[in-house]
Amino acid sequence: MIEVDALDVHYGDFQALFGVSLSLARGRALALAGANGAGKTTLLRALMGAHLPSAGTVRYEGADVTALPPHDRVRRGIAMVPEGRRLFPSLTAEENIKVGAVRAASPDWPLARIYDFLPLAATVRDRRASALSGGERQAVAIARALASGPRLLLLDEISLGLAPGVVEQVYEVVRGLRESGATLLIVEQDLDRALGACDDVVCLLEGRVALTSETAAASREDVVAAYFGTE
Ligand code: ATP
């Protein structure tokens, strides 16, 4: 479904990614692991078109999308739940969700289905985003991404800063998304959770791929070694 080949990404003179390659087949979930600053968010931004690579290619559903702007990718069915949720604080939860529907790739996720799937987002639909708790914001951020009718969802640090019980709820949503047939790329600091929720794992170390494996075939020690760059 998505194939990344030899991607280099720079911020000015600073190189954040070096020859990163990975592939993700339809219906699978891939965990992108790595320490702070390893380049995980940068890779998601390059897949979304928010930051263009200086070399390499991104192919999605057979087409080269490397240079496409974000709205064209949304229309083709890619959506991102950004780190920190990034809602419009003065809009209500529902208005934020509707923003996601503006360039919808498909009508698969009308509001009623989203609210069925994410009851927490339904409960707070009329409240301003600025008044929501972390867990409520996360539910609304996922709802906004679903409103665009995605086939590929990029989820950045969805459990960061949430209470353990709320993290559990968020991962129930992730399981539901998998059952609905979505393809997922998940950035997650919690290794055990990432390995438990995903089929494949790619570990980045200082902007380079240090490990690519099916989660079932990688021992926790392998992943930890790749994460910290120890042998
Ligand atoms: P974290 O878990 O902290 O979000 P990450 O793995 O997502 O880490 P990135 O945010 O992708 O890492 O950052 C990768 C590298 O690129 C870091 O060294 C970071 O300082 C640098 N970087 C990220 N964004 C920018 C930017 N806008 N300008 C300059 N450098 C940046």
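Ligands are counted one by one from 1 in listed order, and the atoms in each one are counted from 1 as well.
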Atoms in ligand 1 with a heavy atom of A38 nearer than 4.0 Å: 5 (P), 6 (O), 12 (O)
message: Closer than 4.0 Å and a protein heavy atom, does any atom meet both conditions relative to atom 23 (C) of ligand 1?
response: yes
message: With a heavy-atom distance limit of 4.0 Å, tell me whether R45 approaches ligand 1 through its side chain, its backbone, both, or neither.
response: neither
- request: Heavy-atom contacts with E157 under 4.0 Å: which atoms of ligand 1 show up? List them by number with element.
  value: 2 (O)
message: Heavy atoms only: which of E83, H51, K40, H10 lies closest to atom 4 (O) of ligand 1?
response: E83
Under 3.5 Å: N/O of F14 near N/O of ligand 1: no
statement: A student comparing G39, G34, A35, G207 should find that the heavy atom closest to atom 12 (O) of ligand 1 comes from G39
Side chains of T57 and D64, donor plus acceptor under 3.5 Å: no
query: For A16, is at least one N or O under 3.5 Å away from an N or O on ligand 1?
result: no
query: Relative to each other, are the rings of W109 and F117 parallel, tilted or perpendicular (30° and 60° limits)?
result: perpendicular
field: Nearest protein heavy atom with distance in Å, relative to atom 8 (O) of ligand 1
entry: G37 N, 2.8 Å
statement: among protein heavy atoms, the one nearest atom 31 (C) of ligand 1 is Y11 CD1, 3.3 Å
message: What protein heavy atom lies closest to atom 11 (O) of ligand 1? Include the residue and the distance to one decimal.
response: T42 OG1, 2.5 Å
query: Relative to the heavy atoms of Q189, which atoms of ligand 1 are at a distance of less than 4.0 Å?
result: 2 (O)
query: Looking at atom 18 (O) of ligand 1, would you say a protein heavy atom lies below 4.0 Å from it?
result: yes
task: Enumerate the atoms of ligand 1 whose separation from the nearest heavy atom of T41 is less than 4.0 angstrom.
output: 4 (O), 5 (P), 7 (O), 10 (O), 11 (O)
